[in-house]
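Let me begin by presenting the structure, written as structure tokens, before commenting on it.
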Amino acid sequence: ASLRCIDLPGYGFARVTAAVRDGFAPMVEDYLLSRATLKLVLVLVDCRREVDDRDQSLLEFLAARKLAALVVGTKADKLGAAARGVWVARASAAAALPRGAVLLTAARTGLGIDGPRSLLDAIVRSCGLTA
């Protein structure tokens, strides 16, 4: 099996006008619905902010269509260890996902990149792939 990662336009902080950003939703939804081989959607959220209404809407859309999702908190190195734990708990509750479906990463420090609780490990497990 092959693994492809596709980066879709962001709902929240894309540097575009509100009208253009609002146009992302139908395009993203169409893309997600037209991919029969789609196994998992990663919803990236900057750890310096909360899971917002747009993120929740996307997660509800995915859940209603039985599409698996993980919330990935990015820039986790910007938070202390205790704050990271609080963020995971709050994101899990806001996203209506188990804590294990909320992961943390930080490209600068490598947090969440390696090991059994890494993003790659979670993707492999969620998609039923073998490493």
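Hydrogens, waters and symmetry mates are skipped; everything else that's a heavy atom, side chains included, is used.
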Legend entry - Flag, side chain of Asp55 to backbone of Asp52, donor-acceptor distance under 3.5 Å: yes
Legend entry - Verdict with reasoning, Ile6 to Arg35, per side-chain contact (heavy atoms from CB on, under 4.5 Å): CA-CA 12 Å; Ile6 310 301; Arg35 299 297 179 267; over 6 Å; no
Legend entry - Test side-chain hydrogen bond (donor to acceptor under 3.5 Å, both in side chains) applied to Arg48 - qualifying residues, sequence neighbours left out: Asp46
Legend entry - Non-neighbouring partners of Arg65 that pass side-chain hydrogen bond (donor to acceptor under 3.5 Å, both in side chains), sequence neighbours left out: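 side-chain hydrogen bond (donor to acceptor under 3.5 Å, both in side chains) list for Arg65, sorted by chain: empty.
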Inset, instruction - Write down the atom of Leu97, the atom of Ala69, and the distance for their closest heavy-atom approach. - result: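 Distance-wise, the nearest heavy atoms are CD1-O, 4.2 Å.
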Inset, instruction - Over all heavy atoms of both residues, which pair between Leu103 and Ala122 is shortest? Give the atoms and the distance, please. - result: CD1-CB, 3.3 Å
[atom2] on [Y] to [atom1] on [X], rounded to 0.5 Å:
X      : Y     : atom1 : atom2 : answer
Leu32  : Met27 : CG    : CE    : 10.0 Å
Leu59  : Leu67 : CG    : CG    : 11.0 Å
Leu111 : Lys78 : CG    : NZ    : 12.5 Å
Thr109 : Lys75 : OG1   : NZ    : 13.0 Å

Inset, instruction - Could you note down all residue pairs passing side chain to side chain donor-acceptor pair (under 3.5 Å) where residues 92-106 supplies at least one of them, sequence neighbours left out? - result: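 Listed once each, the pairs would be none.
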Legend entry - Residue list, side chain to side chain contact (heavy atoms under 4.5 Å, CB included) with Ala91, at least two apart or on another chain: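 Val51, Trp87, Val102.
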Legend entry - For Glu50, salt bridge (Lys or Arg N to Asp or Glu O under 4.0 Å) partners two or more places apart: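 Salt bridge (Lys or Arg N to Asp or Glu O under 4.0 Å) check on Glu50 returns Arg90.
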Linked, directly or transitively: [X] and [Y] (ILVMFWY side chains, under 4.5 Å):
X      : Y     : answer
Ile113 : Leu79 : no
Val41  : Tyr31 : yes
Leu8   : Leu58 : yes
Val86  : Val45 : no

Legend entry - Pairwise salt bridge (charged side-chain N to carboxylate O under 4.0 Å, His left out) hits with a residue in residues 100-113, at least two apart: Asp77-Arg108
